[in-house]
**Student:** 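Here it is, the structure in full.
Bear in mind that the values here come from a model prediction, so they are computed numbers and not experimental data.
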Amino acid sequence: MDFTPEEQAFRDSVRRFAEKHVAPLAAELDEQDRFPHELIPLYGEMGLLQLWVPEAYGGPGANLTMVCSAREEIARFSEACSLLAGETTMFVLPLVHFGSEEQKERYLPKIAEGRTLTAIALSEPGAGSDVSAIRTRAVRDGDDYLITGQKQWCSFGNVAQHILVFAKTSEGGGVDNISPFIVDVEGADGLSFGKPERKMGMKGAVNVPVFLDQVRVPAANRLGEEGKGFRAAMRALDLNRPAIAAASVGLAQGALDVAAAYALERQQFKRPIAEFQGIQFMLADMAMQLEAARSLLYRCTRAGDRGDWDRLPMLASMAKCFASDMAMKVTTDAVQVLGGYGYIKDYPVERMMRDAKLNQIFEGTNQIQRIVVARELLRQYR
């Protein structure tokens with residue numbers, strides 16, 4: 001990947017930042033499963049929380065390549081912490097593409113300051129990949145809407161100041177009656193959160209159920225035309241799936257770094273295990289798979305940066321699917337290279353393997369990604 005001088009300088013600065021501030025915390029955050037509040041001002045000062053906020057509203061105005069570079073570099077040490085890079089993505093992107101100027105002026109400058117956390121509430125207990133199955137309702141009441149329903153897997157929901165809630169505004173199936181609403185957490189009567197999910201991995205990145213009981217939201221907080229929210233969700237996902245691929249690439253790189261260093265140091269039969277062909281083949285396969293995923297990822301980001309919306313959905317699904325499958329294999333192989341030590345918490349590869357699994361599931365399962373790829377592919381032949 002050929003990065004511009006600006007992009008390379010940005011990558012280098014994020015790597016130094018991650019080595020100094022993230023790496024020392026990674027094991028402890030996983031062990032205690034706590035949200036790293038102390039990192040928020042540091043991320044904000046670096047412009048990492050608010051990467052997608054346009055320069056016109058005081059933000060960094062980063063492109064997709066830079067967002068993915070940040071995720072990749074931080075995920076080498078902690079994927080949970082990497083999700084804080086561009087944490088506001090799923091809130092900001094629908095706002096930028098579908099919000100009114102008044103809404104942009106109200107929220108974007110504040111987010112650009114780098115202290116505001118946001119969340120998106122789309123999935124529900126019975127609606128994950130099938131967005132049309134959501135049951136949360138928004139009923140018009142004068143100049144407001146009353147929102148009632150339950151959301152699931154809301155990332156950073158209980159630490160966010162603003163949540164983008166997707167709800168149906170009329171009866172019926174399909175996706176033509178879904179709208180996103182900005183819910184300001186402070187003072188939102190009827191809004192509450194369940195206990196954070198106890199996950200296998202990705203600890204420290206909180207996910208919570210969200211309960212809405214007749215939450216009153218001004219009509220001015222609805223994004224776009226009523227019933228047109230599905231498009232906003234899909235546009236945001238097309239730009240966020242590459243970021244999951246980037247975290248997968250970074251995670252796999254971190255695992256390979258640990259495995260290769262260990263193989264050079266670990267002695268068996270009076271020589272380093274790196275000299276054994278079986279280990280060499282494993283490391284070679286890990287490196288090849290990693291480079292292939294990285295190349296696909298940044299081909300995808302370039303399509304996003306030039307606004308190639310015809311190609312982006314397929315490339316985004318390809319990158320997310322391939323990179324997350326790769327990360328699962330590479331981290332598992334890293335555990336194998338370390339042998340018994342790979343299975344204990346004294347080394348980071350067991351955490352990396354646990355973290356990698358979620359990438360095959362969230363932001364659309366990899367089975368859904370394959371459906372998207374096949375649909376877009378076959379469209380070219382019709």
**Student:** Please report the interatomic distance CZ(Arg370) to CZ(Phe322), rounded to the nearest 0.5 Å.
**Tutor:**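 These two atoms lie 10.0 Å from each other.
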**Student:** Taking a hydrophobic cluster as the set of Ile, Leu, Val, Met, Phe, Trp and Tyr residues connected by side-chain heavy atoms closer than 4.5 Å, whether directly or through intermediates, do Phe211 and Tyr145 fall within one such cluster?
**Tutor:**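 No; tracing contacts between hydrophobic side chains, which count when under 4.5 Å, never links both residues.
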**Student:** Counting heavy atoms not belonging to Arg198, are there more than 12 under 6.0 Å from its CZ?
**Tutor:**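 Open: at most 12 neighbouring heavy atoms sit under 6.0 Å from CZ of Arg198.
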**Student:** Could you check whether Asp285 and Gln289, counting side-chain N and O atoms only, form a donor-acceptor pair closer than 3.5 Å?
**Tutor:**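 Absent: no donor and acceptor within the cut-off.
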**Student:** In plain terms, say whether Arg379 and Glu376 are close enough for a salt bridge, that is, a side-chain N and a carboxylate O under 4.0 Å apart.
**Tutor:**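 A salt bridge is present here (some side-chain N lies under 4.0 Å from a carboxylate O).
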**Student:** Taking all non-hydrogen atoms of both residues into account, name the closest pair between Cys154 and Ala119 and its distance.
**Tutor:**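 In this case the closest contact between Cys154 and Ala119 is SG-CB, 3.8 Å.
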**Student:** Test Glu45 against Arg115 for salt bridge (charged side-chain N to carboxylate O under 4.0 Å, His left out), laying out the working first.
**Tutor:** CA-CA 9 Å; Glu45 289 169 9; Arg115 298 296 185 274; 3.8 Å; yes
**Student:** Is the shortest side-chain N to carboxylate O distance from Glu102 to Arg106 below 4.0 Å?
**Tutor:**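 Salt bridge between Glu102 and Arg106, a charged N being under 4.0 Å from a carboxylate O: yes.
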**Student:** Treating Gln161 as the side-chain partner and Leu117 as the backbone partner, does any N or O pair qualify as donor plus acceptor under 3.5 Å?
**Tutor:**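 Yes.
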**Student:** Report yes or no: does Lys320 contribute a side-chain atom to a donor-acceptor pair with the main-chain N or O of Gly364 at less than 3.5 Å?
**Tutor:**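 Yes.
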**Student:** Can you measure from CZ (Phe91) to OG1 (Thr116) and round to the nearest 0.5 angstrom?
**Tutor:**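 Going from CZ on Phe91 over to OG1 on Thr116, the span is 9.5 Å.
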**Student:** Would one find more than 12 heavy atoms of other residues, nucleotides or ligands at under 6.0 Å from atom CZ of Arg34?
**Tutor:**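 Correct, the count exceeds 12.
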**Student:** Distance check, rounded to the nearest 0.5 Å: Thr65 atom OG1 versus Leu297 atom CG?
**Tutor:**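 Taking OG1 in Thr65 and CG in Leu297, the distance rounds to 8.0 Å.
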**Student:** Got a donor-acceptor contact below 3.5 angstrom from the Asn177 side chain to the Ser170 backbone?
**Tutor:**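 It does hold such a pair.
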**Student:** Using a strict 4.0 Å threshold on nitrogen-to-oxygen distance, state whether Arg137 and Glu171 make a salt bridge.
**Tutor:**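 Looking at Arg137 and Glu171, the cut-off is met.
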**Student:** Following the transitive rule for hydrophobic clusters with a side-chain heavy-atom cut-off under 4.5 Å over Ile, Leu, Val, Met, Phe, Trp and Tyr, establish whether Leu223 and Leu93 coincide in one cluster.
**Tutor:**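 Yes, Leu223 and Leu93 fall within the same hydrophobic cluster.
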**Student:** Is any side-chain N of the basic residue among Arg351 and Glu79 closer than 4.0 Å to the acidic one's carboxylate O?
**Tutor:**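 Salt bridge: no.
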**Student:** Is it true that a side-chain atom of Lys168 and a backbone atom of Ser132 form a donor plus acceptor pair closer than 3.5 Å?
**Tutor:**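 Yes, because the side chain of Lys168 sits within donor-acceptor range (under 3.5 Å) of the backbone of Ser132.
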**Student:** Return the CG to CD distance between Leu39 and Glu87, rounded to the nearest 0.5 Å.
**Tutor:**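 Going from CG on Leu39 over to CD on Glu87, the span is 12.5 Å.
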**Student:** With clusters defined by side-chain heavy atoms of hydrophobic residues (ILVMFWY) lying less than 4.5 Å apart, directly or transitively, does Met282 cluster with Leu338?
**Tutor:**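 Shared cluster, yes.
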**Student:** Any donor and acceptor pair, going by atom type alone, linking the side chain of Gln50 with main-chain N or O of Gly44 inside 3.5 Å?
**Tutor:**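 Checked: pair present.
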**Student:** Could you tell me which non-hydrogen atom of Gly114 sits nearest to which non-hydrogen atom of Leu49, and how far apart they are?
**Tutor:**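 It is O-CD1, 3.4 Å.
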**Student:** For atom CD of Gln336, is the number of surrounding heavy atoms from other residues, nucleotides or ligands below 6.0 Å larger than 12?
**Tutor:**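 No, not enclosed.
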**Student:** Does Glu225 reach the side chain of Phe98, with side-chain heavy atoms less than 4.5 Å apart?
**Tutor:**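 Not touching, per the 4.5 Å side-chain cut-off.
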**Student:** Which pair of heavy atoms, one from Ala205 and one from Leu83, lies closest together, and at what distance?
**Tutor:**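 Scanning both residues completely, I find the closest heavy atoms to be CB-CD1, 4.0 Å.
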**Student:** Dump the intermediate steps for side-chain contact (heavy atoms from CB on, under 4.5 Å) on Leu191 and Val185, then the final yes or no.
**Tutor:** CA-CA 8 Å; Leu191 176 69; Val185 174; 4.2 Å; yes
**Student:** Does a side-chain heavy-atom distance below 4.5 Å link Phe77 with Leu25?
**Tutor:**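 No, too far: nothing below the 4.5 Å cut-off.
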**Student:** Check whether any side-chain heavy atom of Val217 sits under 4.5 Å from a side-chain heavy atom of Ile182, and report yes or no.
**Tutor:**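 No, too far: nothing below the 4.5 Å cut-off.
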**Student:** Heavy atoms, side chains only, cut-off 4.5 Å: are Thr331 and Val349 in contact?
**Tutor:**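 No; the side chains remain at least 4.5 Å from each other.
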**Student:** Please tell me if the side chains of Leu239 and Thr89 come closer than 4.5 Å, counting only heavy atoms from C-beta onward.
**Tutor:**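 Side-chain contact under 4.5 Å: no.
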**Student:** Answer yes or no: are there more than 12 heavy-atom neighbours, outside Lys345 itself, under 6.0 Å from its atom NZ?
**Tutor:**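 Count over threshold, so yes.
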**Student:** Using modelled atom types and a 3.5 Å cut-off, is there a donor and acceptor pairing between side-chain atoms of Glu73 and backbone atoms of Arg15?
**Tutor:**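 No.
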**Student:** Could you label the plane-to-plane angle of the His97 and Trp309 rings as parallel, tilted or perpendicular, counting under 30° as parallel and over 60° as perpendicular?
**Tutor:**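 Ring orientation, 0 to 90° scale: perpendicular.
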**Student:** Would you check if the side chain of Gln280 reaches a backbone N or O of Ala274 as a donor-acceptor pair within less than 3.5 Å?
**Tutor:**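 Present.
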**Student:** Please walk me through it: do Trp52 and Asn240 pass side-chain contact (heavy atoms from CB on, under 4.5 Å)?
**Tutor:** CA-CA 11 Å; Trp52 273 115; Asn240 201 50; 6.0 Å; no
**Student:** Should Ile74 and Leu48 be marked as a side-chain contact (heavy atoms from CB on, under 4.5 Å) after you check the CA-CA gap, both sets of side-chain angles, and the distance that decides it?
**Tutor:** CA-CA 11 Å; Ile74 297 171; Leu48 294 175; 4.3 Å; yes
**Student:** Please report the closest heavy-atom contact between Cys300 and Pro242, naming both atoms and the distance.
**Tutor:**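 In this case the closest contact between Cys300 and Pro242 is SG-CG, 3.6 Å.
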**Student:** Please report the C-alpha distance between Phe156 and Phe35 in whole Å, then the side-chain angles of each, then the deciding distance to 0.1 Å, and finally whether the side-chain contact (heavy atoms from CB on, under 4.5 Å) criterion is met.
**Tutor:** CA-CA 9 Å; Phe156 306 113; Phe35 180 74; 3.5 Å; yes
**Student:** Look at the rings of His21 and Phe17 and say which category their plane angle falls in: under 30° parallel, 30 to 60° tilted, over 60° perpendicular.
**Tutor:**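 Ring orientation of His21 relative to Phe17: tilted.
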**Student:** More than 12 heavy atoms of other residues, nucleotides or ligands under 6.0 Å from CZ of Phe276: yes or no?
**Tutor:**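 Yes - once you tally the heavy atoms of other residues, nucleotides and ligands closer than 6.0 Å, there are more than 12.
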**Student:** Taking the side chain as every heavy atom from C-beta outward, state whether Phe166 and Val175 have any atom pair closer than 4.5 Å.
**Tutor:**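 Not touching, per the 4.5 Å side-chain cut-off.
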**Student:** For the side chain of Glu124 and the backbone of Thr136, is there at least one donor-acceptor N/O pair under 3.5 Å apart?
**Tutor:**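 Indeed, once roles are kept as given, a pair shorter than 3.5 Å links the two residues.
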**Student:** How long is the straight-line distance from CG of Asp213 back to OG of Ser192, given to the nearest 0.5 Å?
**Tutor:**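 Those atoms lie 8.0 Å apart.
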**Student:** Where is the tightest heavy-atom contact between Met314 and Leu377, given as atom of each residue plus distance?
**Tutor:**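 Looks like SD-N, 3.9 Å.
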**Student:** Would you indicate whether Gln32, at its atom CD, is surrounded by more than 12 heavy atoms from other residues, nucleotides or ligands within a distance under 6.0 Å?
**Tutor:**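 Yes, because the 6.0 Å sphere around CD of Gln32 holds more than 12 heavy atoms from other groups.
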**Student:** Kindly compute the distance separating CD1 (Ile273) from CZ (Arg271), expressed to the nearest 0.5 Å.
**Tutor:**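 So the CD1 of Ile273 and the CZ of Arg271 are separated by 11.5 Å.
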**Student:** Inspect the surroundings of NZ in Lys104 and state if more than 12 heavy atoms from other residues, nucleotides or ligands are less than 6.0 Å away.
**Tutor:**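 Correct, the count exceeds 12.
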**Student:** Spell out, as yes or no, whether a donor-acceptor pair under 3.5 Å connects the side chain of Asp355 to the backbone of Met202.
**Tutor:**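 Confirmed, Asp355 side chain pairs with Met202 backbone.
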**Student:** Same cluster or not: are Met90 and Phe181 linked, directly or through other Ile, Leu, Val, Met, Phe, Trp or Tyr residues, by side-chain heavy atoms under 4.5 angstrom apart?
**Tutor:**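 They do not share one cluster, since no chain of ILVMFWY contacts under 4.5 Å joins Met90 to Phe181.
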**Student:** Leu122 and Val210: same hydrophobic cluster, using ILVMFWY side-chain contacts below 4.5 Å?
**Tutor:**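 No, because Leu122 and Val210 fall into different hydrophobic clusters, even though each may have its own neighbours under 4.5 Å.
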**Student:** Taking the side chain as everything from C-beta on, heavy atoms only, tell me whether Lys357 gets closer than 4.5 Å to Lys199.
**Tutor:**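 With C-beta onward as the side chain, the pair stays apart.
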**Student:** Identify the two heavy atoms, one from Gln369 and one from Arg241, that lie closest to each other, and give their separation to 0.1 Å.
**Tutor:**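 That would be NE2-NE, 3.4 Å.
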**Student:** Is the side chain of Ser179 donor-acceptor paired with the backbone N or O of Gly227 at a distance under 3.5 Å, no angle test?
**Tutor:**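 Yes, Ser179 side chain to Gly227 backbone: donor-acceptor pair under 3.5 Å.
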**Student:** Heavy-atom distance under 4.5 Å between the side chains of Leu290 and Met286, does that happen here?
**Tutor:**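 No, every pair of side-chain atoms sits at 4.5 Å or beyond.
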**Student:** Have Glu7 and Tyr298 got a donor and an acceptor in their side chains that come within less than 3.5 Å?
**Tutor:**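 On atom types as modelled, these side chains do not qualify, holding no pair under 3.5 Å.
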**Student:** Tell me, yes or no, whether the heavy-atom count around Gln277 atom CD, taken from other residues, nucleotides or ligands under 6.0 Å, exceeds 12.
**Tutor:**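 No, the 6.0 Å shell around CD holds no more than 12 heavy atoms from other groups.
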